[in-house]
Student: 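First the structure, then my questions, so here it is.
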Amino acid sequence: MSEKDKVLHRILTASQTGTIVCRIADLLGIPPYEAFRRFIMSKTYANFRKPGSALSMCGDPAIVEEFLSENK
């Protein structure tokens with residue numbers, strides 16, 4: 001993956017993170033800040049932010065489901 005592709009990946013996943021966090025907060029009935037804290041500390045987030053990972057290619061619903069499964 002080129003350096004340009006890595007930068008683009010970081011930009012896209014950063015903007016997608018907000019949508020994911022809001023959905024997690026809604027589903028769990030917790031404040032968005034708490035959802036953000038939990039998400040960024042998760043293995044799901046680490047895999048999601050890894051360029052070229054399968055999870056980084058998934059849509060928001062799949063990432064939310066992965067996070068929820070990890071935290072059961």
Side-chain angles (χ1 to χ4, degrees):
M1 182 176 273
S2 72
E3 196 57 39
K4 185 177 177 180
D5 289 340
K6 289 178 184 178
V7 169
L8 181 59
H9 173 77
R10 285 192 296 266
I11 292 168
L12 294 174
T13 56
S15 64
Q16 190 178 11
T17 298
T19 306
I20 293 165
V21 165
C22 288
R23 183 70 179 140
I24 291 169
D26 186 50
L27 289 171
L28 297 180
I30 59 176
Y33 178 80
E34 179 62 19
F36 178 74
R37 188 189 67 74
R38 291 182 190 184
F39 184 57
I40 65 167
M41 300 299 289
S42 70
K43 291 178 185 176
T44 302
Y45 180 76
N47 289 333
F48 165 64
R49 290 299 299 231
K50 193 180 309 174
S53 72
L55 195 57
S56 73
M57 306 299 178
C58 292
D60 300 346
I63 297 166
V64 170
E65 285 302 315
E66 180 71 22
F67 172 81
L68 295 174
S69 293
E70 174 187 334
N71 291 283
K72 282 186 177 181

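As the structure is a computational prediction, the values presented were derived from the model and not from experiment.
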Student: Going from OG1 on Thr44 to CD1 on Ile20, what distance comes out if it is rounded to the nearest 0.5 angstrom?
Tutor: 9.5 Å
Student: Can you name the closest pair of heavy atoms from Glu70 and Lys43 and give their distance?
Tutor: OE2-N, 2.9 Å
Student: Can you tell me how far apart CD1 (Ile63) and CG (Leu68) are? Round to the nearest 0.5 Å.
Tutor: 12.0 Å
Student: Rounded to the nearest 0.5 Å, how far does CZ of Phe67 lie from CG of Leu28?
Tutor: 6.5 Å
Student: Please list all pairs passing the ring-ring contact (aromatic ring centres under 6.0 Å, His included) test where one or both residues lie in residues 13-38, with sequence neighbours left out.
Tutor: none
Student: Can you name the closest pair of heavy atoms from Gly52 and Ser56 and give their distance?
Tutor: N-OG, 3.9 Å
Student: Once rounded to the nearest 0.5 Å, what's the spacing between atom CZ of Arg49 and atom OG1 of Thr17?
Tutor: 5.5 Å
Student: Grab the two heavy atoms, one from Val21 and one from Pro32, that are nearest each other, plus how far apart they are.
Tutor: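 That closest heavy-atom pairing would be CG1-O, 3.5 Å.
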Student: Asp26: which residues meet the salt bridge (Lys or Arg N to Asp or Glu O under 4.0 Å) condition with it, sequence neighbours left out?
Tutor: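 Counting only residues at least two positions away or on another chain, Asp26 forms a salt bridge (Lys or Arg N to Asp or Glu O under 4.0 Å) with Arg23.
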Student: Would you check if Gln16 and Phe48 make a side-chain contact, meaning some heavy-atom pair closer than 4.5 Å?
Tutor: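 Side-chain contact under 4.5 Å: yes.
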Student: Glu34: what forms a salt bridge (Lys or Arg N to Asp or Glu O under 4.0 Å) with it, not counting sequence neighbours?
Tutor: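 Listed in chain order: Arg37, Arg38.
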Student: Parallel, tilted or perpendicular: which describes the rings of Tyr45 and Phe39, with under 30° parallel and over 60° perpendicular?
Tutor: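 Plane angle over 60°, so perpendicular.
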